[in-house]
A.B. asks: 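The structure's right below; bear with me while I get my questions together.
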Amino acid sequence: MTDVNGTVAAIRTGLESNLIVHDEQVVFQGDDEAHFTVIQANVSLGNVEDGNVAGLIDTKSELDEEAELDAESAESEANADLDAEGNRRVHPIFFAQVNGGQPGAVCIAVHDGRLLLARHWRIATDSFEWEFPRSMGAPGEVSGATAERELETEAGVKATSRRLLQMMHADTCKLRDSIAVVELAVDSESLDEAGVLADGSLAGLDDLDGATLAWLTPEEIDTMIAEGNIMDGITLASYLIWKTRREAAAAEEE
């Protein structure tokens with residue numbers, strides 16, 4: 001008897017790659033600004049025809065002994081995933097996207113070696129979180145423009161230049177959307193009052209209580225991460241990308 005739950009788990013976790021996606025359909029779409037959408041993909045294990053696994057092998061004679069065993073295992077698994085009438089089982093796999101799949105952007109605003117973090121109340125986690133500002137993209141808007149718009153909207157800061165560091169996926173299992181990690185330079189004239197204390201200094205690690213914006217050094221952000229005070233996955237991943245790029249650039253200059 002086929003372990004249907006095991007097959008679905010293998011498909012969902014990405015351990016099974018010999019797949020056929022028959023179709024996709026929207027099963028839920030919110031009427032909020034994000035247009036949060038849940039999509040159902042109907043998937044089955046790959047076809048096996050004349051001893052070949054579609055998309056996996058051409059002919060067994062072209063494979064070495066180890067690959068032949070792998071192909072036989074895949075063929076056996078695909079043949080096992082049949083219903084009582086001998087048809088391939090179709091498994092519903094669900095994932096989500098927002099804003100029609102338009103790429104979003106996360107803002108890494110840099111001023112005098114410090115990075116801007118914003119404090120948000122997140123309903124989903126029922127908690128305050130320190131994060132890099134981010135936004136969904138607008139139709140026809142390039143990712144860099146999305147980042148500039150969000151930085152000005154959320155923090156009142158205008159960027160003097162921008163640089164796309166990398167595209168990434170927040171969750172390759174459950175979210176289809178891609179996110180641009182954008183570095184934005186901010187000079188003193190553009191800073192305005194964002195994250196600035198009454199004495200004119202920038203709010204830092206010792207000023208987080210009650211603050212909504214803070215300019216932190218990489219060392220201060222490292223401390224927050226080590227103490228478990230930054231929990232947003234997009235912020236953590238974006239910071240790693242930014243820091244890795246910075247270290248690589250410094251190594252090239254040596």
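Note that the numbering runs from 1 along the sequence shown for the chain. Please read these numbers as outputs of a predicted model, since none were measured by experiment.
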A.B. asks: Side-chain donor-acceptor pair under 3.5 Å between H22 and S44, yes or no?
C.D. replies: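 Yes.
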A.B. asks: Would you compute the distance between atom CG of L213 and atom CD of E154 and round it to the nearest 0.5 angstrom?
C.D. replies: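 If I round to the nearest 0.5 Å, the distance is 7.0 Å.
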A.B. asks: Are the side chain of Y239 and the backbone of I108 linked by a donor-acceptor contact shorter than 3.5 Å?
C.D. replies: no
A.B. asks: Would you check if C107 and L116 make a side-chain contact, meaning some heavy-atom pair closer than 4.5 Å?
C.D. replies: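 No. Closest side-chain heavy atoms not under 4.5 Å.
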A.B. asks: So, the side chain of T37 versus the backbone of A96: is there a donor-acceptor pair under 3.5 Å, distance only?
C.D. replies: no
A.B. asks: Does anything in residues 26-40 pair up under salt bridge (Lys or Arg N to Asp or Glu O under 4.0 Å), and if so which pairs, sequence neighbours excluded?
C.D. replies: none
A.B. asks: Where does the angle between the aromatic ring planes of H111 and W215 fall among parallel (under 30°), tilted (30 to 60°) and perpendicular (over 60°)?
C.D. replies: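 H111 vs W215 ring planes: perpendicular.
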A.B. asks: Under 4.5 Å between side-chain heavy atoms, hopping through other hydrophobics if needed: is there a path connecting L151 to V142?
C.D. replies: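 Looking at the clustering, V142 is in a separate group from L151.
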A.B. asks: Would you please test I234 and I179 for side chain to side chain contact (heavy atoms under 4.5 Å, CB included) and show each step?
C.D. replies: CA-CA 9 Å; I234 293 176; I179 302 172; 3.5 Å; yes
A.B. asks: Who passes ring-ring contact (aromatic ring centres under 6.0 Å, His included) against H120, sequence neighbours left out?
C.D. replies: none
A.B. asks: Any chance you could measure Q166, atom CD, to S178, atom OG, to the nearest 0.5 Å?
C.D. replies: 11.5 Å
A.B. asks: Among residues at least two apart in sequence or on other chains, which ones pass salt bridge (Lys or Arg N to Asp or Glu O under 4.0 Å) with D232?
C.D. replies: R134
A.B. asks: Measuring only between side-chain heavy atoms, which start at C-beta, is L164 closer than 4.5 Å to M167?
C.D. replies: yes
A.B. asks: For T244, enumerate each residue passing the side-chain contact (heavy atoms from CB on, under 4.5 Å) test, keeping only those at least two apart in sequence or located in another chain.
C.D. replies: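 With sequence neighbours excluded, T244 shows a side-chain contact (heavy atoms from CB on, under 4.5 Å) to L240, given in chain and number order.
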A.B. asks: Which heavy atom of A109 sits nearest a heavy atom of V186, and at what distance?
C.D. replies: CB-CG2, 4.2 Å
A.B. asks: Looking at residues at least two apart in the chain, or sitting in another chain, which of them share a side-chain contact (heavy atoms from CB on, under 4.5 Å) with S127?
C.D. replies: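 By the side-chain contact (heavy atoms from CB on, under 4.5 Å) rule, S127 matches T125, E129.
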A.B. asks: Looking at V181 and V106, what are the two nearest heavy atoms and their distance?
C.D. replies: CA-CG1, 3.6 Å
A.B. asks: So do W242 and V110 actually touch side chain to side chain, heavy atoms under 4.5 Å?
C.D. replies: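 Counting from C-beta outward, V110 and W242 do come under 4.5 Å.
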A.B. asks: Apply side chain to side chain contact (heavy atoms under 4.5 Å, CB included) to residues E141 and R149 and explain how you reach the verdict.
C.D. replies: CA-CA 10 Å; E141 185 178 56; R149 171 175 57 79; 2.9 Å; yes
A.B. asks: First locate atom CD of E189, then atom NZ of K158, and finally report the distance between them rounded to the nearest 0.5 Å.
C.D. replies: 12.0 Å
A.B. asks: Any non-hydrogen side-chain atom of Q29 less than 4.5 Å from a side-chain atom of F36?
C.D. replies: no
A.B. asks: Judged by atom type as modelled, is there a donor-acceptor pair below 3.5 Å linking the side chain of D177 to the main-chain atoms of V98?
C.D. replies: yes
A.B. asks: Please test Q25 against I39 for side chain to side chain contact (heavy atoms under 4.5 Å, CB included), starting from the C-alpha separation and ending with a verdict.
C.D. replies: CA-CA 6 Å; Q25 60 195 74; I39 298 170; over 6 Å; no
A.B. asks: List the residues meeting side-chain contact (heavy atoms from CB on, under 4.5 Å) with E148, not counting sequence neighbours, and say none if there are none.
C.D. replies: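 Per chain and number, E148 pairs via side-chain contact (heavy atoms from CB on, under 4.5 Å) with A159, R162, L184.
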A.B. asks: Go through H91 and I11 one step at a time and tell me if the side chain to side chain contact (heavy atoms under 4.5 Å, CB included) criterion holds.
C.D. replies: CA-CA 9 Å; H91 306 283; I11 294 172; 3.9 Å; yes
A.B. asks: What is the distance from atom CG of L45 to atom CG of D81, rounded to the nearest 0.5 Å?
C.D. replies: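 Nearest 0.5 Å value for the CG-CG distance: 4.5 Å.
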A.B. asks: Count I, L, V, M, F, W, Y as connected when their side-chain heavy atoms are under 4.5 Å apart, and connections chain through other members. Are I93 and V21 then in the same cluster?
C.D. replies: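 In one cluster: yes.
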A.B. asks: Does anything in residues 104-125 form a salt bridge (Lys or Arg N to Asp or Glu O under 4.0 Å)? List the pairs, not counting sequence neighbours.
C.D. replies: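 Passing the test, one end in residues 104-125: R114-E220, R122-E131.
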A.B. asks: Is there a donor-acceptor pair closer than 3.5 Å between any side-chain N or O of N99 and the backbone N or O of G101?
C.D. replies: no
A.B. asks: State which residues pass salt bridge (Lys or Arg N to Asp or Glu O under 4.0 Å) with R245; sequence neighbours excluded, sorted by chain then number.
C.D. replies: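 If we apply the salt bridge (Lys or Arg N to Asp or Glu O under 4.0 Å) test to R245, skipping adjacent residues, there are no hits.
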A.B. asks: Rounded to the nearest 0.5 Å, what separation is found between the CZ atom of F95 and the NZ atom of K174?
C.D. replies: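 Rounded to the nearest 0.5 Å, the CZ-NZ separation comes to 9.5 Å.
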A.B. asks: Taking only residues two or more places apart in sequence, or in another chain, which ones meet K243 in a salt bridge (Lys or Arg N to Asp or Glu O under 4.0 Å)?
C.D. replies: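 Checked K243 against salt bridge (Lys or Arg N to Asp or Glu O under 4.0 Å); matches are D222.
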A.B. asks: Within this structure, what is the CD1-CD1 distance for the pair I230 and I225, rounded to the nearest 0.5 Å?
C.D. replies: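 If we round to the nearest 0.5 Å, I230:CD1 and I225:CD1 are 5.0 Å apart.
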A.B. asks: Check whether any side-chain heavy atom of Q40 sits under 4.5 Å from a side-chain heavy atom of E24, and report yes or no.
C.D. replies: no
A.B. asks: Work out which heavy atom in E150 is nearest to a heavy atom in S135; give both atom names and the distance.
C.D. replies: OE1-CB, 3.3 Å
A.B. asks: Give the cluster check for W130 versus M231: same hydrophobic cluster or not, with ILVMFWY residues linked at side-chain heavy-atom distances below 4.5 Å.
C.D. replies: no
A.B. asks: What are the two closest heavy atoms between L205 and L216, and how far apart are they?
C.D. replies: N-CD2, 3.4 Å
A.B. asks: Please give me the minimum heavy-atom distance between S143 and V182, naming the atom from each residue.
C.D. replies: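 Smallest interatomic distance, heavy atoms only, reads O-CG2, 4.2 Å.
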A.B. asks: Would you find a donor on one side and an acceptor on the other, under 3.5 Å apart, between the side chain of D83 and the backbone of N87?
C.D. replies: yes
A.B. asks: Can you name the salt bridge (Lys or Arg N to Asp or Glu O under 4.0 Å) partners of E247, sequence neighbours left out?
C.D. replies: none
A.B. asks: Are the side chains of F132 and L117 in contact, using a 4.5 Å heavy-atom criterion?
C.D. replies: yes
A.B. asks: What pair of heavy atoms forms the shortest contact from P92 to V90, and how long is it?
C.D. replies: CD-O, 3.9 Å
A.B. asks: Tell me, please, which residues at least two apart from F94 pass ring-ring contact (aromatic ring centres under 6.0 Å, His included).
C.D. replies: none
A.B. asks: Can you check whether R88 reaches L82 side chain to side chain, under 4.5 Å on heavy atoms?
C.D. replies: yes
A.B. asks: Name all residues meeting the side-chain contact (heavy atoms from CB on, under 4.5 Å) criterion together with A237; count only those two or more places apart in sequence or in a different chain, and write none if there are none.
C.D. replies: M168
